[in-house]
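For reference, the structure discussed in these notes is given below.
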Amino acid sequence: MSSISSRYIDPVADAYETKTAAERPSSLSEAKLGLVDSMLNPGAMWGQGMLDAAAEFLSRKHRSLSFARVARPPLGGPSPARWAAAMADRYSALVIAVGD
């Protein structure tokens, strides 16, 4: 199993290993997207603002989309792989706000 740091790309690194992009749904027609605020400081509302903007943009391009807010603490909870597997049964895709 890889360490957490091996799954992220350092934006100032001189070199890095190529990463494979996540699978994308073939269509967003009538899809349900989960909007996840996983910011370290959710009370600052930065994540909610980014998710609101993403939902507004996507809903203009794809009128049949529906959205749901999803709780995901930035630290703790089930392992990311276990959590992602549970979300795959509920949503077509997730938009996740991550950061400080």
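Every heavy atom of this structure was used, including side-chain atoms; hydrogens, water molecules and symmetry mates were not.
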Check your understanding: Given side chains that start at C-beta, do those of M50 and M39 come closer than 4.5 Å, heavy atoms only?
Key -> yes
Check your understanding: Distance from S27 atom OG to H62 atom NE2, nearest 0.5 Å?
Key -> 8.5 Å
Practice item. Report yes or no: do I96 and M45 belong to one cluster of Ile/Leu/Val/Met/Phe/Trp/Tyr joined by side chain heavy-atom distances under 4.5 Å? Key: no
Review point. For the side chain of S92 and the backbone of A31, is there at least one donor-acceptor N/O pair under 3.5 Å apart?
Key: no
Exercise for review: Take W83 and V36 through the test side chain to side chain contact (heavy atoms under 4.5 Å, CB included) and record every step on the way to the result.
Suggested key: CA-CA 12 Å; W83 180 79; V36 185; 3.9 Å; yes
Review point. Would you find more than 12 non-hydrogen atoms of other residues, nucleotides or ligands less than 6.0 Å from R60 atom CZ?
Key: yes
Check your understanding: So do V70 and M87 actually touch side chain to side chain, heavy atoms under 4.5 Å?
Key -> yes
Check your understanding: Given a cutoff of under 4.5 Å between side-chain heavy atoms of I, L, V, M, F, W and Y, with clusters grown through shared members, what are the other residues clustered with L58?
Key -> L28, L33, L35, L51, F57, L65, F67, V95
